[in-house]
Number of protein chains: 2
Amino acid sequence: MHDVAARAGVSHQTVSRVLNDFPGIRPETRERVQQAIRELGYRRNMAARALATGRSEVIGVIMPEVPHFGPTSTLYAIEHAAKQVGFKPLITTASWDPESMGQALDFLLGRAVDALVVMAQHPDVLAAVDAITDVPVLFVLTGNSHAERSVAVDQERGTRLALEHLYGLGHRRFQHITGIAGLTEAQLRRDTFVAFLDEHGLERYPILEGDWSADAGYRAGLEVDDDVTALFVANDPMAIGAIHALEERGKRVPEDVSVVGFDDVPEAGYTHPGLTTVHQDFTEVGLRAVSLIFAAINGKEPGVVEPVEPWLVERASTGPAPS
Amino acid sequence: MHDVAARAGVSHQTVSRVLNDFPGIRPETRERVQQAIRELGYRRNMAARALATGRSEVIGVIMPEVPHFGPTSTLYAIEHAAKQVGFKPLITTASWDPESMGQALDFLLGRAVDALVVMAQHPDVLAAVDAITDVPVLFVLTGNSHAERSVAVDQERGTRLALEHLYGLGHRRFQHITGIAGLTEAQLRRDTFVAFLDEHGLERYPILEGDWSADAGYRAGLEVDDDVTALFVANDPMAIGAIHALEERGKRVPEDVSVVGFDDVPEAGYTHPGLTTVHQDFTEVGLRAVSLIFAAINGKEPGVVEPVEPWLVERASTGPAPS
DNA sequence: CCCCACGATGTTATCGTCAACATGGCGGCG
DNA sequence: CGCCGCCATGTTGACGATAACATCGTGGGG
């Protein structure tokens, strides 16, 4: 910066003012400085800037350690939206145990991030993060809890869309394959499933434990009860795995068993049969997340945040209940 | 830091020494300092540290703008491997036009990243990045070019594995659905495909243009020539889409047409039929990338880097050529 | 018994930038 | 014609750490 100032025949402070678009610089001076910057290929040192201003224009993002569709899509959406307002994400992964979360937090806060986005998939992380007061914190994908500081797709609504669709087709014997036990999203889908059964007085078949993977879906699919005609699966990859298992067992989808997934991954329309599923709009989640963060960084109080509405995409994997 | 020093009754420099694990600190002093750090919940300011040392312990990663399986998996692999050696990735996305790349580079270099990982999917970015000398640069997923500064899966080998498998099953009429035109990986797969046809004196059916998406695969699948019995698709999602199209057209897979994909996404084993595909080990790519970066940061000269070996996973989507 | 060397710690300068205050020139108004 | 005020710019002092050098005490060797 000193060199630039010398070359342009001004003080370094004037260079700083040009860099930061301050008013009250004579156009010709500004031009001279910019010329010098170009000639010297000067790039300002953000570490120094961060030190002086206390802001880094970086938002810390804590991701789960396994790259599932939802968090990954959201990350991309956040990156795009953040770029528009001049922020970039600094990524770190963490599982939900306190030590791992603690390390992630230490790292990001030490980095003087301007805000924190936590893809909190487990209730325990809320506690770990609650102590943070240095910077605004936003939870993403937590389900509907912590509503005033979070952005999420309405899990209960999504689940009910799926189940009501099946119920409307005449199905009465439901089974569910869950996501990873303990994760908020998996839990919400499961709880809503159980609540739905009770509300309609339907029989409870055993709930099958999955881990989001197609492989787990396949294994769970082998355990699906023979009487069941409607299978609600907590995400699409598991649904694909489960359908594979059902077909191996000689059950046809949707003639014998209807299957609904969750997420609407891009392949969902092209599997065989095409997968009926609940679409989650992660782009919208990312957009809202960044706009909330931006508001918080600038000290504005965000209004109430509505959960993002999911919708049902009907495809060939669901049909009328067999008589 | 000053407060910590005061509380421990030492100078700030001693605190710094404890923080950086310098030798020659009396154990009791060290303990006193660590105690003070804990009590005050002190966290060191990395911006200041970066300013003083000129190192940030952050590696810049430039990703393509669309979250495909390969780059995303590699990102996660890099994140995990980097964490082991104390680095975190700072992510930015860029398309391959010079302006977009320039902005990404400006941002990351201004951030004083210690190294740069470029998921260079297009030959043009090589030029844009070649001018960078401030920090070590590593290309990832470029295919086999720029070998001394890149890590990649051997695309030619993967493609040949797929084609030889089909050829061995008796297929002689091949068609190919490509990835996004111009991207290095897509181009390498395509070039190898064409070379293979020529080597075996096989007829050239039109090459179908895709864009990596299941949707594009479906549309291309509608165009597959009626005589063709072997379809080589540049990635798995497109293969899934193409199979869907073929089945809609009344062609059975694999009885009428055999299909091979590329990537081995986790769902590939559970689609109907299970997808024969070329497995790319992105974890290994991430591991090698980080080890090369780490070597470069510490000034060591890396040895020659072998491309990562792909392998063929045979599943139900391929079978003997129809007679 | 003195001095030196070394181990443990303190002091000062520095990294590159921004914020706050200081200066200097010029035009307008009384 | 002189003074005041503002516009454009310069000067100085943080920000929070590390690096290089300075100091102090102590034990061992001559």
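Throughout, a chain's letter reflects where its sequence line sits, starting with A, and its residues are numbered from 1.
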At their closest point, which heavy atom of [X] faces which heavy atom of [Y], and how far apart are they?
| X | Y | answer |
| --- | --- | --- |
| M63(A) | M119(A) | SD-CE, 3.6 Å |
| V135(A) | D114(A) | CB-O, 3.8 Å |
| E65(B) | S95(B) | OE1-CB, 3.6 Å |
| I297(A) | P136(A) | N-CG, 4.2 Å |

Check for a donor-acceptor pair, side chain of [X] on one end and backbone N or O of [Y] on the other, with a separation under 3.5 Å.
| X | Y | result |
| --- | --- | --- |
| Q35(B) | A8(B) | no |
| K83(A) | T93(B) | yes |
| R30(B) | D21(B) | no |

Inset, instruction - Give the angle between the helix axes at the two ends of the helix from dC1(C)-dG30(D) to dG30(C)-dC1(D), taking five base pairs at each end and rounding to 10°. - result: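 Between the first-five-pair axis and the last-five-pair axis there is 60°.
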Legend entry - E309(B)-Q280(B) side chain donor-acceptor pair, cut-off 3.5 Å: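 Distance-only check fails for E309(B) and Q280(B).
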Inset, instruction - Consider only side-chain N and O atoms of N20(A) and R44(A), and report whether a donor and an acceptor are under 3.5 Å apart. - result: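 Checked: N20(A)/R44(A) side chains pair up, N/O donor to acceptor below 3.5 Å.
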Legend entry - Letter per nucleotide, 5' to 3', of nucleotides 14-23 of chain C [B base touched, S only sugar-phosphate touched, - untouched; heavy atoms, 4.0 Å]: -BBBBBB---
Inset, instruction - Please work out which of the three classes, parallel, tilted or perpendicular, describes the rings of F69(A) and F282(A), given edges at 30° and 60°. - result: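 Perpendicular, since the angle between the ring planes exceeds 60°.
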Legend entry - Range on DNA chain D touched by chain B - first to last nucleotide, heavy-atom distance under 4.0 Å: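 Footprint of chain B along DNA chain D, 5' to 3': dG16(D) to dA20(D).
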